[in-house]
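Remember, it's a predicted structure, so these values are computed and weren't measured experimentally. FYI, side chains are in, hydrogens and waters are out, and symmetry mates aren't considered; it's all heavy atoms of this structure. The first residue in the sequence is number 1, and the count goes up from there.
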Amino acid sequence: MNKLSRVGSSVLMGLAVGSATLAPTALAADPSQPNIIVIYTDDQGMGDVGYHGYDDIKTPNIDKLAAGGVHFPQAYVSASVCGPSRAGLLTGVYQQRFGVYGNFKTTKIPHEQPMMTAMMKEFGYETGVVGKWHMSALTGTPNERGADFFYGFIGGSHDYYKSDAEEGGKPWLSPIYRNEVAEPPIQEQNGYLTELFTDEAVGFIERNADKPFFLHLAHFAVHHPWTVPQSYIDRVDHLDAGEERKLFAGMALAMDDGIGEVMETLKKHDLYDNTLIFFMSDNGSPRGQGFVAPRKKARGETTMSNPGIYNGFKGDTYEGGIRVPFLMHWPNALPAGAVFEHPVMNLDIMPTINAVLGGKEGGAGPVPFDGVNLIPFLLGEVGEGEIPHETLYWRRDQDYAFREGDWKMTWNDQSGPQTIRLFNIAEDPGEWNDLAFKMPEKTQQMKDKFDAWESELPENTHAKQRTNRNYEFKNGHRVNVMQFNNEMADKAERE
């Protein structure tokens with residue numbers, strides 16, 4: 001359980017930078033414009049960082065960033081799996097607007113829509129991407145989308161110790177690229193992928209310490225396959241955890257060590273105080289984990305990654321699939337040790353950067369940002385009661401969800417009954433108490449609002465089958481939630 005004391009956003013009112021309140025437009029004209037690092041980890045659940053109050057994991061450097069910045073207990077990603085989550089992060093736009101609903105191959109982020117790297121190039125930054133890319137070939141490589149430097153792999157999964165020298169083999173052994181050129185295989189260097197990503201991130205900072213730089217550090221850890229050098233496992237052997245959790249904790253520690261090296265490099269070059277750092281996971285804990293059958297876990301059975309008190313896993317639109325660790329750290333501008341309690345999303349990172357650097361409101365692309373600039377909320381520069389998001393939406397292949405205020409409607413094909421469900425997240429963050437049958441009018445209202453949003457989106461062309469979507473909403477058709485739920489409940493009883 002989260003043991004950290006929390007304070008409401010009202011505590012942040014009136015905070016200042018030096019003697020002047022932070023003004024993003026003024027920062028854009030400042031010659032000491034901040035360096036920016038976006039760290040995006042893979043499959044790291046809410047119970048997989050120490051600063052959330054868990055003592056069976058060891059993340060001291062991430063915890064230091066949280067203690068020196070702002071962290072967000074209600075942070076969400078726009079999708080519960082890797083590819084679409086990254087598409088949302090790198091555009092600031094609901095990825096469904098581009099037809100991206102799952103891990104995609106036949107859809108793309110249009111080239112006329114700037115991705116984060118291209119935006120940073122326009123602001124005059126040296127840009128680097130280190131780690132996992134996981135965009136479709138139609139979207140393009142990092143170098144084609146604004147990265148001056150890329151070191152990593154293009155696909156969605158990879159071995160930590162091995163790679164091929166050229167394409168055409170098994171996907172998880174695909175080449176590691178330095179820009180557009182394949183590197184010698186990892187095994188020829190006796191390398192470990194997490195450590196290699198750390199080395200390249202540090203090298204990028206070292207080479208660009210005398211100019212504004214942007215680094216997207218997209219760690220593959222702590223994604224399967226579960227493997228890490230024994231030295232890291234030895235360092236977590238004292239933890240009160242099973243052997244599988246200790247192995248996972250070793251993987252997290254290898255990544256955390258690397259984040260510590262990045263921070264030390266910033267300090268070495270006197271860049272630490274004026275570097276804006278975002279740290280976030282791409283989705284929640286995976287359902288499949290561990291070495292002993294059954295590997296597909298149910299609630300309360302996890303042996304490696306931990307979703308905390310939350311229901312569901314990666315792939316679900318329950319909280320366990322979409323609520324993730326998130327923090328912002330910027331000593332020159334943001335309060336230390338603060339907690340922002342209201343819902344935020346990965347879509348907010350790009351608009352926040354854009355605003356800090358004085359960019360056009362809504363961004364420079366044909367599709368405006370769905371995310372918002374978080375800085376005014378963190379510094380109390382908004383009206384009383386104003387929050388970043390009144391509504392949040394999710395659609396991931398068959399699964400969907402809609403949050404409005406404290407209410408959340410969701411449908412999932414796993415981790416629970418296949419009925420449309422309703423939860424009050426403020427009172428029931430663990431999603432134990434489904435209120436749909438007790439509050440049919442509220443559930444119907446939520447479903448109609450979700451369908452109205454979805455009716456404006458392109459179809460999911462890469463789905464194996466037509467999704468459970470109300471295609472006739474614009475023609476006046478409304479899904480009768482109670483009728484649907486009764487039919488699904490009857491079907492479950494028959495089965």
Side-chain angles (χ1 to χ4, degrees), residues 1-9 11 39-77 80 85 219 221-223 236 238-242 245-246 248-257 259-260 263 277-286 289 297 299-314 316 318-329 334-346 349 374 378 425-426 428-432:
M1 183 174 290
N2 190 331
K3 303 169 187 173
L4 294 178
S5 60
R6 294 175 174 174
V7 294
S9 59
V11 174
I39 303 170
Y40 216 52
T41 67
D42 206 321
D43 289 7
Q44 190 169 16
M46 288 291 281
D48 295 337
V49 288
Y51 75 85
H52 279 173
Y54 293 88
D55 56 11
D56 63 348
I57 196 82
K58 190 174 181 180
T59 56
N61 292 296
I62 297 170
D63 299 347
K64 287 178 185 177
L65 287 177
V70 183
H71 78 86
F72 303 79
Q74 291 199 74
Y76 293 97
V77 284
S80 60
S85 171
H219 268 297
V222 281
H223 194 289
V236 298
H238 65 284
L239 298 179
D240 184 14
R245 177 68 166 172
K246 287 180 181 179
F248 179 88
M251 294 178 70
L253 181 60
M255 178 176 66
D256 186 86
D257 276 3
I259 291 172
M263 299 309 112
I277 299 169
F278 300 86
F279 171 90
M280 196 174 206
S281 175
D282 68 344
N283 50 247
S285 299
Q289 53 178 280
K297 307 301 183 183
R299 186 172 194 162
E301 296 178 351
T302 58
T303 58
M304 287 185 161
S305 182
N306 183 0
I309 66 169
Y310 302 104
N311 186 34
F313 297 95
K314 172 182 178 178
D316 297 328
Y318 291 118
E319 298 288 285
I322 55 177
R323 191 188 286 217
V324 296
F326 176 44
L327 66 84
M328 290 173 60
H329 181 276
L334 295 178
V339 181
F340 186 77
E341 292 282 3
H342 299 294
V344 297
M345 207 175 215
N346 63 336
I349 292 177
L374 294 177
L378 303 184
I425 297 301
D428 179 26
E431 295 173 305
W432 292 97

Those residues that, when tested against [X], pass ring-ring contact (aromatic ring centres under 6.0 Å, His included) (two or more places apart):
X      : answer
Phe313 : none
His329 : Tyr272
Phe248 : none

Can you check whether [X] reaches [Y] side chain to side chain, under 4.5 Å on heavy atoms?
X      : Y      : result
Tyr54  : Met46  : no
Glu341 : Pro73  : yes
Ile309 : Glu319 : no
Val324 : Asp282 : no
Phe326 : Asn346 : no
Asp240 : Asp55  : no
Leu374 : Val70  : no

Minimum heavy-atom separation for [X] and [Y], please, with both atom names.
X      : Y      : answer
Gly320 : Pro307 : CA-CB, 4.4 Å
Val77  : Ser281 : CG1-O, 3.4 Å
Leu239 : Ala249 : CD1-CB, 4.0 Å
Ser80  : Asp316 : CB-O, 3.1 Å

Residues forming a salt bridge (Lys or Arg N to Asp or Glu O under 4.0 Å) with Glu431, sequence neighbours excluded:
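With neighbours one apart ignored, the set is Lys408.
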Residues that Lys314 engages under salt bridge (Lys or Arg N to Asp or Glu O under 4.0 Å), provided they are two or more places apart:
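Salt bridge (Lys or Arg N to Asp or Glu O under 4.0 Å) list for Lys314, sorted by chain: Asp43.
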[atom2] on [Y] to [atom1] on [X], rounded to 0.5 Å:
X      : Y      : atom1 : atom2 : answer
Phe279 : His219 : CZ    : NE2   : 9.0 Å
Lys58  : His238 : NZ    : NE2   : 4.5 Å
Met280 : Tyr40  : CE    : OH    : 5.5 Å

Stepwise side chain to side chain contact (heavy atoms under 4.5 Å, CB included) check, Ile259 with Leu65
CA-CA 10 Å; Ile259 291 172; Leu65 287 177; 4.0 Å; yes
Among residues at least two apart in sequence or on other chains, which ones pass side chain to side chain donor-acceptor pair (under 3.5 Å) with [X]?
X      : result
Arg245 : Asp48, Asp56
Tyr318 : Arg421
Asp42  : Arg86, Lys132
Thr59  : Asp63

Backbone N or O of [Y] within a donor-acceptor pair of the [X] side chain at under 3.5 Å?
X      : Y      : result
Ser305 : Gln44  : no
Gln289 : Thr303 : yes
Asp256 : Ile62  : yes
Thr302 : Met304 : no

State which residues pass side-chain contact (heavy atoms from CB on, under 4.5 Å) with Ala426; sequence neighbours excluded, sorted by chain then number.
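Ala426 satisfies side-chain contact (heavy atoms from CB on, under 4.5 Å) with Asp406, Asn424 once adjacent residues are dropped.
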Residues which pass side-chain contact (heavy atoms from CB on, under 4.5 Å) with Ala254, listed by chain and number, not counting sequence neighbours:
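Scan of Ala254 (side-chain contact (heavy atoms from CB on, under 4.5 Å), adjacent residues dropped) gives Tyr192, Thr194, Val228, Tyr232.
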Side chain to side chain contact (heavy atoms under 4.5 Å, CB included) between Gln74 and Arg323, intermediate numbers included:
CA-CA 7 Å; Gln74 291 199 74; Arg323 191 188 286 217; 3.7 Å; yes
